[in-house]
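Counting convention: from 1, in listed order, for ligands and their atoms alike.
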Amino acid sequence: MKRAVYPGSFDPVTFGHLDVIRRASEMFDILIVSVLDNKAKTPLFSVEERVKILKDATWHLGSNVQVDSFSGLLINYAAENDIHVAVRGLRAITDFEYELQIAQTNRKLSLGKLDTVFLTTSLEYAYLSSSSVKEIASFGGDISQCVPDFVAKMIYEKYHI
Ligand code: ADP
């Protein structure tokens, strides 16, 4: 069984993430989308909320997509779950330097046991990021092109809009 993890903040999940999830789920027997509990960031949604949103947004993809959360080092989480591949999305060249450094660090720290596979974004989602979605929504802007409707509603509620 080929298992992979797609780690990220997913605060909240966007159509860009969902595109990567769908495509990666066709490449692996099990894709575990795992929400990183990053103490360094103040998220809009709690880890529990993000997990629930991801479950609701991916249920139609079937049982080979699972949703989980983790804290600490990705390599430890991967080792505990017998996962040897991490999936990440690449939007623009600006993602590249950051992602390259993380991927190489993870490979080194895991003694070669965790490799990273990159999926390039579909062009229609290249501009999308969770932070821009939150910024647009906080000013009452239209985010219907960016996230599923139920997610948009939850974001507006957070901003009391
Ligand atoms: P992180 O805080 O770990 O960067 P994100 O939730 O912002 O978490 O992103 C998780 C992963 O999804 C990253 O690899 C990021 O590059 C990728 N990603 C984010 N937005 C998009 C998008 N619109 N298209 C493709 N990949 C994306």
| said: Tell me whether Val35 shares a hydrophobic cluster with Leu44, the cluster being built from Ile, Leu, Val, Met, Phe, Trp, Tyr side chains joined at under 4.5 Å. | reply: yes
| task | Return the orientation label for the His17 and Phe10 ring planes: parallel under 30°, perpendicular over 60°, tilted otherwise. | result | perpendicular
List ligand 1's nitrogen or oxygen atoms that come under 3.5 Å of a protein nitrogen or oxygen, with the partner atom and distance.
unit_1, atom_1, unit_2, atom_2, d
ligand 1, 2 (O), Ser9, OG, 2.6
ligand 1, 2 (O), Lys41, NZ, 3.0
ligand 1, 3 (O), Arg88, NH1, 3.1
ligand 1, 3 (O), Arg88, NH2, 3.3
ligand 1, 4 (O), Arg88, NH2, 3.4
ligand 1, 6 (O), Ser9, N, 3.2
ligand 1, 6 (O), Phe10, N, 2.9
ligand 1, 6 (O), His17, NE2, 3.2
ligand 1, 8 (O), Ser9, N, 3.0
ligand 1, 9 (O), His17, NE2, 3.4
ligand 1, 12 (O), Tyr6, OH, 2.7
ligand 1, 14 (O), Arg88, NE, 3.1
ligand 1, 14 (O), Gly89, N, 3.0
ligand 1, 14 (O), Gly89, O, 3.2
ligand 1, 14 (O), Glu99, OE2, 3.3
ligand 1, 16 (O), Gly89, O, 2.6
ligand 1, 20 (N), Arg91, NH1, 3.3
ligand 1, 23 (N), Tyr125, O, 2.9
ligand 1, 23 (N), Leu128, O, 3.1
ligand 1, 24 (N), Thr121, OG1, 3.1

| request: Please determine if Arg3 and Asp29 form a salt bridge, counting it only when a charged side-chain N lies under 4.0 Å from a carboxylate O. | output: no
| Salt bridge between Glu99 and Arg91, side-chain N to carboxylate O under 4.0 Å? | no
| Short question: side chain of Lys134, backbone of Asp11 - any donor-acceptor pair under 3.5 Å? | yes
| field | Qualifying side chain to side chain donor-acceptor pair (under 3.5 Å) pairs, either residue in residues 56-67, two or more places apart | value | Lys52-Asp56
